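Worksheet for the structure shown next.
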Amino acid sequence: MTRYNPAEIEARWQSAWEASDVFKAVRSADKPKYYVLEMFPYPSGRIHMGHVRNYTMGDVIARYKLATGHNVLHPMGWDAFGMPAENAAMAIGGHPKDWTYGNIKDMRDQMKPLGLSIDWSREFATCDPEYYGQQQALFLDFLQEGLVYRKNAIVNWDPIDMTVLANEQVEAGRGWRSGALVERRELTQWFFKISEHSDALLDALDSLDNWPAKVKLMQANWIGKSRGLQFAFSTVEGPEGHDRIEVYTTRPDTLMGASFVGISPDHSLAKELEKDNPDLAAFCAECRKGGTTEEAIETAEKLGFNTGITVRHPFDTAHELPVYIANFVLMDYGTGAIFGCPAHDERDFEFATKYGLPIISTYLPSEESPEALDEAYVPAKTDKVFYNRGFAGEQWQTGHEAIDAAIAFCESNGVGQGVTKFRLRDWGLSRQRYWGCPIPVVHCETCGVVPEKKENLPIELPYDVDFSTPGNPLDRHPTWRDCACPSCGAPAKRETDTMDTFVDSSWYFARFTAPRAETPTITEDAAYWMNVDQYIGGIEHAILHLLYSRFFARAMEMTGHLPKSANEPFDALFTQGMVTHAIYQTPKQDGRPIYHYPEDVDLRDGKAFLKEDGQEVEIIPSAKMSKSKNNVVDPLNIISNYGADTARWFVLSDSPPERDVEWTASGAEASHKHLTRVWTLCDKIAAMDPGAAGKDDEALLRAMHKTIHDVTLGVETFGFNAAIAKLYAFTATLSKSKANHAAQRKAIMTLAQLMSPMTPHLAEDIWKHQGGEGLIVTAPWPKADDAMLVDDVVTLPIQINGKRRAEISVPADMSKEEVEKIALAHEAVIRTLDGATPKKIIVVPGRIVNVVA
RNA sequence: GCCCAAGUGGCGGAAUGGUAGACGCAGGAGAUUCAAAAUCUCCCGCCGCGAGGCGUGCCGGUUCGAGUCCGGCCUUGGGUACCA
């Protein structure tokens with residue numbers, strides 16, 4: 001009897017796989033291709049259980065597809081640009097490049113022991129000049145295609161550090177380092193014209209049959225197609241050039257209830273009025289304080305400033321409405337001006353109540369007059385009839401019908417026109433930071449903004465930069481900016497902004513198809529490998545990353561870098577949950593908790609105590625693993641204690657993959673025990689007498705075929721936890737089986753195959769131990785025999801009025817009438833019916849009988 | 001604020017609209033052992049002696065039948081355009 005020694009067998013099989021090059025993806029016409037990709041990691045320095053879970057899921061799919069005869073591409077790379085590298089450089093010194101490449105090496109070393117079926121020959125990092133140089137080439141092609149332009153946009157400005165802040169660096173409206181109140185400031189920035197593709201990106205969602213419905217819905221809402229009315233209010237005594245205020249509304253049916261007009265503090269009229277009204281200017285300045293996020297703007301207290309200007313209602317010129325500057329009106333959406341109808345909009349209601357504006361109802365819940373409204377009455381339900389009074393006596397039901405009727409009415413009366421608008425804004429890609437892909441353009445005094453020549457790419461980041469003061473080191477670099485104008489040759493200055501890191505991750509999946517190419521992609525490779533057949537990653541990327549990638553695929557198609565068939569790059573998407581872990585904390589004097597590491601805590605009877613002094617510790621369950629909370633479980637410890645197969649098995653077994661999983665030490669222990677049990681079982685079967693007679697051989701094989709069926713289905717539908725439950729059950733069946741050696745050997749080898757995507761090392765070892773041919777990784781996936789899946793006799797529960805009262809065993813093919821007769825004759829049924837005649841009997845063959853009394 | 005999810009025993013969870021709690025953890029009882037570890041067997045939603053009743057976040061609805069479908073809430077999580 002040997003001992004299960006994961007350290008030894010895992011190293012051995014990883015070498016065997018490497019030696020045989022089984023995971024190297026080579027184009028070939030003789031097999032269907034399958035491209036499986038997990039969202040590539042940011043090289044933070046340590047892998048965590050979330051990575052293990054994400055890559056193990058992808059690995060299960062990759063290995064399963066390999067076993068079902070596919071030519072599999074399963075690559076890995078690094079999303080390597082971004083703020084943390086610069087933050088580390090500022091906090092602990094060193095250089096972002098060294099920090100990043102050091103982290104990549106560390107993480108690769110931590111990842112390799114997991115035994116993932118990755119083609120490491122295709123690995124790259126987005127901070128490799130070979131990668132970002134090709135990204136610069138893409139940028140130039142997009143520029144030429146008219147997909148990129150410059151305009152002003154608002155950023156968070158820290159007035160003390162004199163630097164642009166990311167939203168993450170703004171805490172409660174203040175800069176995270178300086179503590180200064182953040183201001184909004186306009187900068188000229190580069191934009192991708194993603195909004196021109198709004199309709200296409202929205203419509204194509206329908207074709208993504210293998211994407212989660214929730215992700216498609218979130219994207220659709222984000223793109224936000226709306227039909228509304230755009231029209232102008234005429235001002236009564238507006239300043240010169242402001243005799244009209246353009247307004248866009250999605251609720252033109254409530255126009256008769258308008259009681260004020262709100263304009264953004266950044267609206268041209270507000271800016272005009274600011275010039276000679278100090279109070280108004282002060283109000284606008286106040287509105288411009290705080291972060292730029294939609295969340296910050298929408299949750300801020302609603303504030304208004306009466307400009308004193310009024311406008312005429314388009315259908316009642318005697319009715320004058322006040323114009324307010326309102327902090328909740330976004331300049332980026334619509335026209336930067338709205339009309340407020342407090343009776344039918346919660347936010348307008350709040351505003352009107354605060355500033356004493358009239359509340360005019362246009363809809364009634366019935367034909368009777370309404371009492372005074374004390375909250376906004378929003379007639380949202382289309383199944384009820386509401387009446388709109390106004391519009392010269394026209395009455396409409398609510399919903400789209402009323403909106404369409406209102407637009408038609410306004411158009412025919414010369415008040416504006418119906419327009420379609422999108423919420424989606426263009427993608428601002430300029431970042432005033434060092435550790436990103438330089439934007440390959442040059443600023444020339446005579447020629448203006450000039451694209452860099454392709455032969456000068458890559459425009460590499462300089463290494464000699466200084467992080468001792470805040471701001472973009474490229475701006476301060478003594479020589480890097482100096483260059484010759486690509487157009488006239490005169491001395492010119494480089495653009496010092498770098499690209500948003502979302503650009504890097506918007507095409508890496510295409511680059512994996514030809515990672516060393518001298519062009520962004522190679523036609524034949526992209527045509528062969530694209531699309532990604534299965535993409536796997538966190539739900540937190542449901543909108544931005546996935547939408548940007550979809551846009552990029554289209555832009556790459558327009559510029560000849562991807563085939564038309566790849567303009568939706570991800571055929572199937574799976575979004576997995578996070579790995580969580582309990583937080584152990586004790587209170588500190590100042591109220592802030594002290595966080596304790598799991599290894600410093602003893603668990604007894606569901607309570608936790610400090611090992612050091614026995615003090616009881618508060619347990620906060622299921623928190624996202626976070627370094628600052630000391631609740632990160634290092635996968636390396638698990639691997640060194642139990643082996644990679646145990647870590648893989650556990651992250652797949654306990655929770656459904658789309659949900660968060662809580663890491664528990666006891667769960668990992670249990671996984672390891674189970675794998676040991678399978679190992680021992682293999683040994684036991686190998687030692688059996690091949691000539692001895694067995695008992696119930698057929699029953700074992702039936703159970704085996706059911707397991708093949710269930711596990712295959714589980715793997716194909718991401719039901720890994722359910723598949724593993726079936727494997728537990730089959731292992732128990734096999735270990736109790738008295739079947740002969742041939743049947744048991746068949747069963748353990750099939751079990752190994754079914755386990756091989758999850759625990760590949762153990763599976764290889766069992767395969768070899770039982771005399772399997774070649775590597776299990778390339779052995780064809782077992783096939784369930786349909787004839788072995790059907791039972792002859794089924795157990796049917798009998799319900800009376802939906803409550804289970806009895807059960808009967810009947811042949812599977814028994815007729816409904818027979819089943820009904822047997823059910824009614826059942827002693828428990830007769831007793832419960834107590835002489836009453838059943839009104840109805842429902843027999844669902846193979847499922848249930850329900851007697852309605 | 002807005003958009004999208006999730007909520008089932010002590011815990012993680014299972015369940016094509018058809019026996020709620022598969023499988024695992026923890027717990028309990030027993031076997032083995034000089035003893036322990038390891039291993040194996042059995043029990044294990046709540047109330048009730050029992051018959052039985054109650055149970056899938058809360059309230060209501062559809063259905064012969066609802067964890068599952070519909071409406072309204074509550075709580076937690078994700079996103080909210082410069083975290084990745």
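Predicted model only: the values in this text are computed from it and were never measured.
- Between the C1' atom of B:A66 and the CD1 atom of A:Ile848 lies a distance of 12 Å, rounded to the nearest Å.
- As judged by a 4.0 angstrom heavy-atom cut-off over every strand, A:Phe328 is placed among residues making no nucleic acid contact.
- Using a 4.0 Å heavy-atom criterion, one finds that A:Arg423 contacts the bases of the nucleic acid, with or without backbone contacts as well.
- A:Gln189 comes within 4.0 angstrom of a nucleotide base, judged by non-hydrogen atoms across all strands.
- Between A:Lys193 and A:Asp426 there is no salt bridge, since no side-chain N of the basic residue sits under 4.0 Å from a carboxylate O of the acidic one.
- A:Lys214 and A:Glu658 are not joined by a salt bridge, as no carboxylate oxygen comes within less than 4.0 angstrom of a charged side-chain nitrogen.
- Using a 4.0 Å heavy-atom cutoff across all strands shown, A:Thr501 reaches sugar-phosphate atoms only and no base atom.
- Between atom CG of residue A:Asp504 and atom CD of residue A:Gln135 there is a gap of 4.5 Å, rounded to the nearest 0.5 Å.
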* Structure fact -> Per-nt protein contacts along nucleotides 2-8 of chain B (heavy atom under 4.0 Å; B base, S backbone sugar-phosphate only, - none) come out as -SSS-S-
Between protein and nucleotides 39-45 of chain B, what N or O pairs are separated by less than 3.5 Å?
| unit_1 | atom_1 | unit_2 | atom_2 | d |
| --- | --- | --- | --- | --- |
| B:C40 | OP1 | A:Arg677 | NE | 3.3 |

Please enumerate all protein N or O atoms sitting under 3.5 Å from an N or O of nucleotides 60-64 of chain B, with distances to 0.1 Å.
| unit_1 | atom_1 | unit_2 | atom_2 | d |
| --- | --- | --- | --- | --- |
| B:C64 | O2' | A:Asn850 | ND2 | 3.3 |
| B:C64 | O2 | A:Asn850 | ND2 | 2.6 |

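- Base engagement by A:Val155 is indicated by at least one non-hydrogen atom pair under 4.0 Å involving a base atom.
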